Peer 1: 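Next up is a structure, given as structure tokens.
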Number of protein chains: 2
Amino acid sequence: MKPRGRRPGDEDTRARILNVAREQFAHSGYERASMRSIAGQAQVDPALITHYFGSKVGLLTEALRLPVDPAVVLESVGHSEPDHMGEALVRAMVGAWETPVVRQHFLGMLRTAASHEVAREVMQQTLHDSVQVAVARLVDDDADRRSALVMTQMAGLAFTRYFLQLPEVVALTPEELAASIGPTIQRYLVDPL
Amino acid sequence: MKPRGRRPGDEDTRARILNVAREQFAHSGYERASMRSIAGQAQVDPALITHYFGSKVGLLTEALRLPVDPAVVLESVGHSEPDHMGEALVRAMVGAWETPVVRQHFLGMLRTAASHEVAREVMQQTLHDSVQVAVARLVDDDADRRSALVMTQMAGLAFTRYFLQLPEVVALTPEELAASIGPTIQRYLVDPL
């Protein structure tokens with residue numbers, strides 16, 4: 001998606017703007033974080049943000065873009081034993097979330113989305129276009145319903161473990177999660193509903 | 001929990017303060033909503049808030065208290081056929097969430113909790129003391145782990161259906177949710193893990 005003809009320095013500037021935007025959206029909320037305040041902290045002209053991202057919603061959409069491609073995270077699931085796809089999916093997604101960059105992104109996305117309806121809509125669209133579509137590719141039939149059910153379980157695991165930090169959920173190891181929640185995902189992906 | 005000797009007018013004032021607090025915490029975030037601004041909008045002296053709730057955290061804790069007692073919502077689950085406890089639990093909780101007052105409370109709690117670490121801790125404690133304890137009462141063994149797993153699924157259903165509003169999750173009827181997610185909860189409550 002990288003436009004051609006961009007100089008190397010452009011990527012650094014773009015990344016710096018996105019880092020500041022993520023921080024301000026999560027901390028101050030979508031409405032309060034202004035293009036001007038983001039430009040100020042990133043030490044660029046506000047017009048450059050418009051040049052790169054088109055609008056505030058465009059900047060938000062880029063800022064919330066997932067740091068890893070769910071299709072790549074879930075690639076191993078498609079190659080796993082048919083009876084163990086559920087376990088493989090839990091293991092792959094928990095593995096991603098346990099890395100600080102992915103976990104921080106999830107928490108920032110959640111804080112931003114909670115602050116404003118527009119931000120919630122962008123989070124919804126991002127998860128739909130990435131996670132839900134990637135999960136739907138793993139199933140043979142009823143893709144919408146199956147991927148929706150997988151989302152209810154996996155979003156809830158992330159929400160209770162990384163955001164709420166319910167002690168009893170935090171206490172479970174990734175392997176225990178794969179063993180306990182894997183069969184749920186297996187049923188949602190494969191079994192008759 | 002009502003202290004004795006309180007006059008009827010006190011209850012109205014107390015309820016008015018809590019309504020304003022819920023609104024300001026959800027809209028402005030825990031940190032920005034001040035005792036002074038809440039008192040101003042509720043048309044009371046700030047000292048009265050301290051008198052009723054002790055502190056800002058005390059006010060927050062009361063404001064986030066669940067509008068229905070999970071033990072009451074889940075009472076029917078304990079009386080259902082042992083093979084259908086999972087379905088009964090999904091039906092009872094979705095039934096509660098589909099009422100505007102409970103759904104609005106969940107969304108307000110989430111927005112507040114996303115705004116500040118203290119608010120997140122209060123949400124965690126509230127859900128632990130109420131929902132997790134009520135679910136743990138339904139099971140015979142491994143109560144911590146079973147209730148934790150139930151929380152991951154049910155919190156995720158509420159999160160994706162009422163907050164994110166993923167279209168494919170919103171599209172499912174309460175009966176479809178009971179039929180699809182019920183067996184998951186049944187396994188978490190009863191089956192060997």
Side-chain angles (χ1 to χ4, degrees), chain A residues 26-29 31-32 107-117 120-121 123-128 131-132 136 142-161 163-172 176-177 179-181 183-185 187-188 191 193, chain B residues 26-29 31-32 107-117 120-121 123-128 131-132 136 142-161 163-172 176-177 179-181 183-185 187-188 191 193:
Chain A
H27 185 263
S28 309
E31 206 168 21
R32 284 192 193 86
L107 295 174
M109 186 181 236
L110 180 55
R111 287 193 191 103
T112 305
S115 73
H116 200 274
E117 176 62 13
R120 183 198 62 70
E121 282 171 12
M123 181 176 183
Q124 184 206 79
Q125 197 64 47
T126 299
L127 292 186
H128 182 274
V131 186
Q132 183 135 5
D142 267 336
D144 278 357
R145 184 164 181 175
R146 292 183 183 282
S147 58
L149 290 168
V150 169
M151 295 287 277
T152 66
Q153 173 64 83
M154 296 310 293
L157 173 57
F159 181 74
T160 54
R161 183 175 174 89
F163 174 69
L164 273 186
Q165 300 171 39
L166 290 177
E168 294 83 352
V169 179
V170 172
L172 298 168
E176 287 173 327
L177 292 171
S180 296
I181 296 180
T184 298
I185 303 300
R187 194 168 64 79
Y188 291 161
D191 291 2
L193 290 175
Chain B
H27 185 263
S28 309
E31 206 168 21
R32 284 192 192 86
L107 295 174
M109 185 181 238
L110 179 55
R111 287 196 191 101
T112 305
S115 74
H116 199 276
E117 177 62 14
R120 184 198 62 71
E121 283 171 11
M123 181 176 183
Q124 185 206 75
Q125 197 63 48
T126 300
L127 292 187
H128 182 275
V131 185
Q132 183 136 6
D142 266 337
D144 276 357
R145 184 164 181 176
R146 291 183 184 282
S147 58
L149 291 168
V150 169
M151 295 287 277
T152 67
Q153 173 65 82
M154 296 311 293
L157 173 56
F159 181 73
T160 54
R161 183 175 173 89
F163 173 69
L164 273 186
Q165 300 171 39
L166 289 178
E168 292 83 354
V169 180
V170 173
L172 298 168
E176 287 172 327
L177 292 170
S180 296
I181 295 180
T184 297
I185 302 301
R187 194 166 66 79
Y188 291 160
D191 290 1
L193 289 176

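Protein chains get the first letters and strands the later ones, always in sequence-line order, with residue 1 at the start of each. In this text, all values refer to a predicted model and were calculated from it rather than measured experimentally.
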Peer 1: Against chain B, work out which of E31(A), R161(A), Q165(A) has the most heavy-atom pairs shorter than 4.5 Å and name it.
Peer 2: Q165(A)
Peer 1: Checking R32(A) against chain B: side chain, backbone, both or neither under 4.5 Å from a heavy atom?
Peer 2: side chain
Peer 1: What heavy-atom pair brings Q124(A) and L164(B) nearest, and what distance separates the two atoms?
Peer 2: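 Closest pair (atom of Q124(A), atom of L164(B), distance): NE2-O, 3.0 Å.
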Peer 1: Does the side chain of L166(A) reach to within under 4.5 Å of the side chain of T152(B), using non-hydrogen atoms?
Peer 2: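 No - every pair of side-chain heavy atoms lies 4.5 Å or more apart.
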Peer 1: Which atoms of R145(A) come close to chain B, meaning under 4.5 Å heavy atom to heavy atom: side chain ones, backbone ones, both, or neither?
Peer 2: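 The answer is the side chain of R145(A).
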Peer 1: What's the shortest heavy-atom distance between T184(A) and R187(B), and which atoms?
Peer 2: OG1-NH2, 2.7 Å
Peer 1: Is it the side chain or the backbone of E176(A) that comes within 4.5 Å of chain B heavy atoms, both, or neither?
Peer 2: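 For E176(A), backbone and side chain are both near chain B.
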Peer 1: Taking side chain as everything from C-beta outward and backbone as N, CA, C, O, which of these in T126(A) sits under 4.5 Å from a heavy atom of chain B? Side chain, backbone, both or neither.
Peer 2: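 Nothing of T126(A), per the 4.5 Å heavy-atom cut-off to chain B.
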Peer 1: Just give me the residue among A171(B), G156(B), A158(B) that pairs up with chain A most often, heavy atom to heavy atom, under 4.5 Å.
Peer 2: G156(B)
Peer 1: So, do T160(A) and F159(B) sit near enough that their side-chain heavy atoms are less than 4.5 Å apart?
Peer 2: no
Peer 1: Select one option (side chain, backbone, both, neither) describing which atoms of L127(A) are under 4.5 Å from chain B's heavy atoms.
Peer 2: side chain
Peer 1: Count the heavy atoms of every other residue, nucleotide or ligand shown that sit under 6.0 Å from NE2 of H27(B), and state whether that count exceeds 12.
Peer 2: no
Peer 1: Which answer fits E121(B), side chain, backbone, both or neither, if we ask what part of it has an atom under 4.5 Å from a heavy atom of chain A?
Peer 2: neither
Peer 1: Against chain B, work out which of R120(A), R111(A), H128(A) has the most heavy-atom pairs shorter than 4.5 Å and name it.
Peer 2: R120(A)
Peer 1: Name the option with the most non-hydrogen atom pairs under 4.5 Å to chain A; the candidates are L193(B), L107(B), T112(B), L157(B).
Peer 2: L157(B)
Peer 1: Is it the backbone or the side chain of Q125(A) that comes under 4.5 Å from a heavy atom of chain B, or both, or neither?
Peer 2: neither
Peer 1: Examine whether an atom of Y188(A) lies under 4.5 Å from a heavy atom of chain B, and if so say whether it belongs to the side chain, the backbone or both; otherwise answer neither.
Peer 2: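 For Y188(A), the side chain is the part near chain B, not the backbone.
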